[in-house]
2 protein chains.
Amino acid sequence: MQPRSLETRLQLMEAALRLFSQRGYQATSVAEICSAAGASKGAFYHHFPTKQAIFLALMEAWLADLDRSFQQAYQDSADIPTALLQMSRIAGQVFRAADVNLAILLEFWVQAQRDPELWQAAIAPYHRYQQYFAGLIRSGIQGGAFRSVHPDTAARLLVATALGLLMQGLFDPQGADWPAEIESSVRLLVEGFACPAA
Amino acid sequence: MQPRSLETRLQLMEAALRLFSQRGYQATSVAEICSAAGASKGAFYHHFPTKQAIFLALMEAWLADLDRSFQQAYQDSADIPTALLQMSRIAGQVFRAADVNLAILLEFWVQAQRDPELWQAAIAPYHRYQQYFAGLIRSGIQGGAFRSVHPDTAARLLVATALGLLMQGLFDPQGADWPAEIESSVRLLVEGFACPAA
DNA sequence: TGTAAAATACCGACTGGTCGGTATGATTCT
DNA sequence: AGAATCATACCGACCAGTCGGTATTTTACA
């Protein structure tokens, strides 16, 4: 892969990300992406076999990024509750990142509802995160930090809180300080899980 | 409005609802809606000026329905906490209603992101519900049922919980008993808000 | 009450345009 | 030279919305 090629590919992905989140997946044409990226249709179809492929590539890149952030948060934290708090902050940052608007996440999910390949790419990671959080909580219980809540239920509630607040922030960006709201809500939950003795 | 006309209109809306939630808004063509409804394109454009108009009509009908349910729940409940619990059950029913799949709500929101008219129809009700719940909680505080939590924050958390669990249920329908999950989570929150003395 | 006029409801072919994807040739790098 | 990369013209399918015209119901009037 030549440097020029990589550059073109990157431009295409950046343009696609911007346009998809601004206008939506269906409403964005391949021609628009090309023109925004300063490339041609030939270049596009050299790098991506279909329009959906670039969508998938964007999503995988985003998920890989999130994975890295969570991994980092875990390593930087002394204990499980701290790690969960740190991760709630990351969720807030997801929202703050103006480029990767949450709107495109809705697009991902809407598209994934219909397409098996996208479903795999979108839903499998969700399961992974779900089980990851449940595992963290289970560790917290075994380590004595949490009382014996049901790990799966607790994980679902944690995810629901963050997700629900993110969604509300999407509808009403100015309605509240959503990242702060996420952080304080997750803290509330984590304290609720905490072992009174600790 | 003649009975036959009303019937046709209803058929069109039912077909549109089904197709929109199965295939998505953009992916559903007006021709498909017509054929599924056993009507013609002429009939469609006799009843609705644009494709978006039927979408809007569906959403308004759905919201009116939800309003009625909430109103009913409020009237049937002896006190505020009971009313909130009852409403969480309604949220669960929203999910259980197979016809009105949650997917179409995602569609609504995705579309509303881009269109001012839809935004008005989708986001204004959100604000209304938000303030409605905040009002209920405020009443609960004044009535001595709740301790002095911040009504707006509490309402946001309640909505986030229900919304977040609904979204997860959308991705992973078999992953849990989501309606039950919503109910028990909301009960947890409401108990958390409750006045210890009560 | 019977009937003609008017309004409403509906039909389906057609249009102007869009879009994902392809074919083929040009350019750039090694 | 030869492979990788990119450009341009183009194709076939699709689609929202239009339009001229038809069927059905309501209304007006003799």
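In the text below, chain A, chain B and the rest are named by the order of the sequence lines, each starting its count at 1.
Between A/Val110 and B/Leu106, the closest heavy-atom pair is CG2-CB, 3.8 Å. A pairwise comparison of heavy atoms in B/Arg114 and A/Gln22 identifies CD-O, 3.5 Å as the closest pair. The two atoms that bring B/Tyr132 and B/Phe70 nearest to each other are OH-O, 4.2 Å, heavy atoms only.
As judged by a 4.0 angstrom heavy-atom cut-off over every strand, B/Lys41 is placed among the base-contacting residues. When heavy atoms are screened at a 4.0 angstrom cut-off, A/Thr28 is found touching the sugar-phosphate backbone but no base atom.
The B/Ser5 side chain lies nearest to C/dC10 when the options are D/dA16, C/dG20, C/dC10. Candidate nucleotides C/dG20, D/dA16, C/dC10 were compared by shortest atom distance to the side chain of B/Thr8, and C/dC10 ranks first. Among D/dT8, C/dG21, D/dA16, the nucleotide with an atom closest to any side-chain atom of A/Lys51 is C/dG21. Each of C/dG21, D/dT18, D/dA7 was ranked by its minimum atom distance to the side chain of A/Thr50; first place goes to C/dG21. Checked against D/dC15, D/dT8, C/dC10, the side chain of B/His47 finds its nearest nucleotide in C/dC10. The B/Ala43 side chain lies nearest to C/dC10 when the options are D/dG17, C/dC10, D/dA7. Comparing D/dT8, C/dT8, D/dT18 against the side chain of B/His46 picks out C/dT8 as the nearest.
Rounded to whole angstrom, the span from the CZ atom of A/Phe48 across to the P atom of C/dT22 amounts to 16 Å. A/Leu12 has its CG atom 15 Å from the C1' atom of C/dG20, to the nearest Å. Rounding to whole angstrom units, CD of residue B/Glu7 and C1' of C/dA9 are separated by 14 Å. C/dC29 atom P lies 15 Å from atom CG of A/Leu6, rounded to whole Å. Rounded to whole Å, the distance from CD1 on B/Ile33 to P on C/dC10 is 16 Å. Counting to the nearest Å, the P atom of D/dC15 and the CD atom of B/Glu32 are 6 Å from each other. Rounded to an integer number of Å, the gap from A/Tyr45 OH to D/dA7 C1' is 15 Å. The CZ atom of A/Phe20 sits 12 Å away from the C1' atom of C/dG20 (whole-angstrom rounding).
Checked against a 6.0 Å centroid threshold, the rings of B/Phe55 and B/Phe108 count as neighbours.
Both A/Tyr25 and A/Gly42 lie close to DNA chain C; mapped to their nearest nucleotides by heavy-atom distance, the more 5′-ward contact belongs to A/Tyr25.
Contact of the A/Asp76 side chain with the A/Gln86 side chain is not registered, since no non-hydrogen atoms from C-beta on lie closer than 4.5 Å.
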